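Here the structure comes first, spelled out in structure tokens, and everything after it is commentary.
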Amino acid sequence: MNTAQQLNTQFGIAGQLSFREDASGLIVAEISNAQATASLCLQGAHLMTWKPGNQSVPVIWLSRDAKLAAGKSIRGGAPVCWPWFGAHASESGFPGHGFARTVPWQVVESGNEPGGATRLTLRLVASEKTRAQWPHDCTLNLTVVVGETLRMELATENTGVTDFVIGEALHTYFRIGDIGAVRVRGLAGCDYWDKVGGSALKTQAGAISFSGETDRVYINTAAECVIEDDQLKRRIHVAKSGSLSTVVWTPWVEKADKMGDMGQPDGWREMVCVESVNAIENVVKVAAGARHTLIVEYRAEVI
Ligand code: BG6
């Protein structure tokens, strides 16, 4: 792995992109340009923060208890779940949401977009351990474009000679005023698997509002979602392609207490996850030699 100093020499952009070593030993990319600020931990290619210039409160939620530690996922930000979502289909010992969020990634490219946004591309580093769980020839890249909007592209390329199937997610945590006061629009009429209290297929009526633990996998939907937040006076737009499932999740108080890293007592009230996913019936077959890309664009509109 490169040191922060080597990364600064090779990929740093003066006044916009630099790398630093955290106390944990993990390396963090810091991005700051005329449009936004953001930070991303190279382990997991884990975007931790993003604040566009039109907002005083960050759009992405990072738990105040978030810890950076080798091999551990960070609570909050935008974890990359891959090559499966949720529990592994057959191996109970394999990590939930796949291994991509807990392994090292390497920087492969950085640059400026024409409009002034900053681009950074990372690639998952395969190891004996990842191959033991995922024995396929594959390149996984995440490109993050930080500007007034935040764009994330997760590209899976099958470099082998046999087809494979993946589940995946950009499992983004959003900072909100209060979970009891926000609404998520865009999923009316969609079917979803309700994971609270068993697993039942239901149909969404109207906007989503929250009054208890919510853990839903909406299926067969490419719709843009909007988080309406009157307290923070903004609408967060989540627009996607290459994703047919959307997960809406809030742990509520009991589960948040048990999780131990949610910034209790009230951390859970200030977040909601709207995840751009391919899961359950929407897992993706990537043919030999083919590429599949999940793209999500986030935008905060002032109201
Ligand atoms: C969501 C799942 O995507 O992630 C939830 O639907 C899960 O069931 C949540 O609790 C957090 O997962 P983890 O592994 O980061 O604690």
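Scope of the values below: all heavy atoms of this structure, side chains included, with no hydrogens, waters or symmetry mates. Read the numbers this way: they start at 1 and go in the same order the structure lists the ligands and their atoms. All values derive from a computational prediction rather than experimental measurement.
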Heavy-atom closest pair, residues S56 and K51
O-CD, 3.7 Å
Basic-acidic side-chain contact under 4.0 Å: R151, E153:
yes
Taking side chain to side chain donor-acceptor pair (under 3.5 Å) as the definition, give me every residue that meets it alongside N33, ordered by chain and number, with sequence neighbours left out.
T118
Of all residues at least two apart in sequence or in a different chain, which pass the side chain to side chain contact (heavy atoms under 4.5 Å, CB included) check with T49?
S39, L62
Any donor-acceptor N or O pair under 3.5 Å, side chains H292, E168:
yes
Residues in salt bridge (charged side-chain N to carboxylate O under 4.0 Å, His left out) contact with D257, at least two apart in sequence or another chain:
none
Give the residues near ligand 1 by chain and number, with the criterion being a heavy-atom distance under 4.0 Å.
R75, F85, H97, R101, H171, K195, D215, V247, W249, K255, E275
